[in-house]
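A short write-up of the structure that comes next.
Throughout, protein chains are lettered first and strands after them, A, B, ... in sequence-line order, and every chain is numbered starting at 1. Quantities reported herein were computed from a predicted structural model and do not represent experimental measurements.
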Number of protein chains: 2
Amino acid sequence: MEITETYARAHELLKKAGLRPTRQRLGLAHLLFDQGNRHVTAEALHSEAGKASLSVSLATVYNTLHQLTEAGLLNQVNLEGASTYFDTNLEPHGHFYFIDRQQLMDVPAPGIDKSVLPAPPDGTEISRVDVIVTVRDVRK
Amino acid sequence: MEITETYARAHELLKKAGLRPTRQRLGLAHLLFDQGNRHVTAEALHSEAGKASLSVSLATVYNTLHQLTEAGLLNQVNLEGASTYFDTNLEPHGHFYFIDRQQLMDVPAPGIDKSVLPAPPDGTEISRVDVIVTVRDVRK
DNA sequence: ATTTGTGCAAATCGTTTGCATCTGA
DNA sequence: TCAGATGCAAACGATTTGCACAAAT
């Protein structure tokens, strides 16, 4: 079959990451990268894969998400209580976290970057900066 | 017994929080608030309590930390991989997270407050802002 | 006396791992 | 061929919960 076209982008990204383009990884990369910026949990992606008739185990979803993260194709976002999200947006940015809906939204210009931050102690360097603005529904 | 003096501050804080000054809570509050700003995990506090001959179960440590957090006496800090930290510093501030040592350090004046941040969508309000600067040892 | 807190152990949840089996280059 | 990938189920670690007992008002 000519899945070639549909998965071209996914295939290329996997290649760039040095990961074998297996059926599972192609499918997952397609779900992740062929529909604009996304915030997904492993659970959510796994269930999406199921709906798309892609047979993958949850363990493999976790593996793949981590491999893509390590390859710099995803960002990991850690939240209180909720499970870990993976973000396809690679630009430096922050997040609104809607705690009532457990949903994430990018904050384009969080006004916080290395320039506002004190230098870290000698012998260390900044690895990443996470800005999470937790937001809740206004209670009347 | 005259634990009164030693625990005066802890007692007062618990009262303010509307929590019964039980032996466990007094002891934990004492450990938390009577030695300057601290960053502790539930595990760490539990083991500290043990060393201080305060008999408390881990479950009670968790309960107490959450109650104090709810009362606004502690801030919760969520980190990737590691367990949750509780911070006695109530001023708005960020954190350096030394990932190699799993240690936290306050980032004093990062110029981070609601004023730099975009307003959240209508019907929602900012509940908290977390700035975590992950720092790693420089590898040569 | 009543309410609230505590300890324990079992349960839960997200995530990881071990290992036998498959699959892509 | 055969290193690398996958699936399953069991293991995990942090946290929570249910419930009988104990302590504070």
Side-chain angles (χ1 to χ4, degrees), chain A residues 1 3-4 7 10-29 31 39-50 53-71 74 76-86 97 102 104, chain B residues 1 3-4 7 10-15 17-31 39-47 49-50 53-71 74 76-86 102 104:
Chain A
M1 32 174 161
I3 51 171
T4 319
Y7 290 73
H11 197 286
E12 183 191 341
L13 289 170
L14 289 177
K15 188 174 163 191
K16 188 179 305 179
L19 296 171
R20 268 198 201 167
T22 64
R23 170 167 32 268
Q24 288 80 342
R25 297 212 269 229
L26 278 170
L28 294 176
L31 289 173
H39 299 106
V40 289
T41 62
E43 275 306 344
L45 185 59
H46 181 241
S47 112
E48 247 184 72
S53 305
L54 169 66
S55 157
V56 204
S57 74
L58 184 54
T60 296
V61 172
Y62 272 106
N63 282 340
T64 304
L65 286 172
H66 287 144
Q67 288 155 350
L68 293 173
T69 300
E70 210 156 311
L74 288 177
Q76 209 176 324
V77 185
N78 308 292
L79 302 169
E80 153 170 6
S83 34
T84 300
Y85 277 74
F86 292 84
Y97 174 49
Q102 293 209 162
L104 277 184
Chain B
M1 34 176 166
I3 50 172
T4 320
Y7 289 75
H11 198 286
E12 182 190 344
L13 288 170
L14 290 176
K15 188 174 162 190
L19 296 170
R20 272 195 197 169
T22 63
R23 172 171 30 267
Q24 287 81 341
R25 297 212 271 229
L26 278 171
L28 295 176
H30 177 58
L31 289 173
H39 299 107
V40 289
T41 62
E43 271 315 337
L45 185 59
H46 181 241
S47 111
S53 305
L54 170 65
S55 156
V56 205
S57 73
L58 185 54
T60 295
V61 172
Y62 273 105
N63 283 339
T64 303
L65 286 172
H66 287 144
Q67 289 155 349
L68 292 173
T69 300
E70 211 157 311
L74 289 176
Q76 208 176 323
V77 185
N78 308 292
L79 303 169
E80 155 171 7
S83 34
T84 300
Y85 277 73
F86 293 84
Q102 295 210 161
L104 276 184

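A/V56 is not listed as a side-chain neighbour of A/R23, based on a closest heavy-atom distance of 4.5 Å or more. Annotation: side chain of A/F86 is in contact with side chain of A/H66 (closest heavy-atom distance under 4.5 Å).
Atom P of nucleotide D/dG4 and atom CD of A/Q24 are separated by 17 Å, given to the nearest angstrom. The interatomic distance linking A/N78 (CG) with D/dT15 (P) rounds to 13 Å, in whole Å.
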What does the list of N/O pairs under 3.5 Å between the protein and nucleotides 16-25 of chain D look like, with a distance for each?
unit_1 : atom_1 : unit_2 : atom_2 : d
D/dT16 : OP2    : B/H66  : ND1    : 3.4

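No engagement by B/T41 is indicated, since no non-hydrogen atom pair under 4.0 Å with the nucleic acid exists. Nucleic acid contact class of B/T84 (heavy atoms, under 4.0 Å, all strands): sugar-phosphate only.
Along DNA chain C, the stretch of nucleotides lying under 4.0 Å from any heavy atom of chain A spans, 5' to 3', C/dG14 to C/dA25.
Paired with A/Y85 under the rule side-chain contact (heavy atoms from CB on, under 4.5 Å), one option of A/V40, A/L79, A/N78, A/L65 passes, and it is A/L79.
Remark: B/H30 pairs with B/Y7 by the ring pair (Phe, Tyr, Trp, His ring centres under 6.0 Å) rule, at least two apart or across chains.
To the nearest 0.5 Å, the span separating CG on A/L26 from CZ on A/R20 amounts to 12.5 Å. Atom-to-atom distance recorded for A/R25:CZ and A/L13:CG is 13.0 Å, nearest 0.5 angstrom. Here the NE2 atom belonging to A/H46 is positioned 12.0 Å from the CG atom belonging to A/L31, to the nearest 0.5 angstrom.
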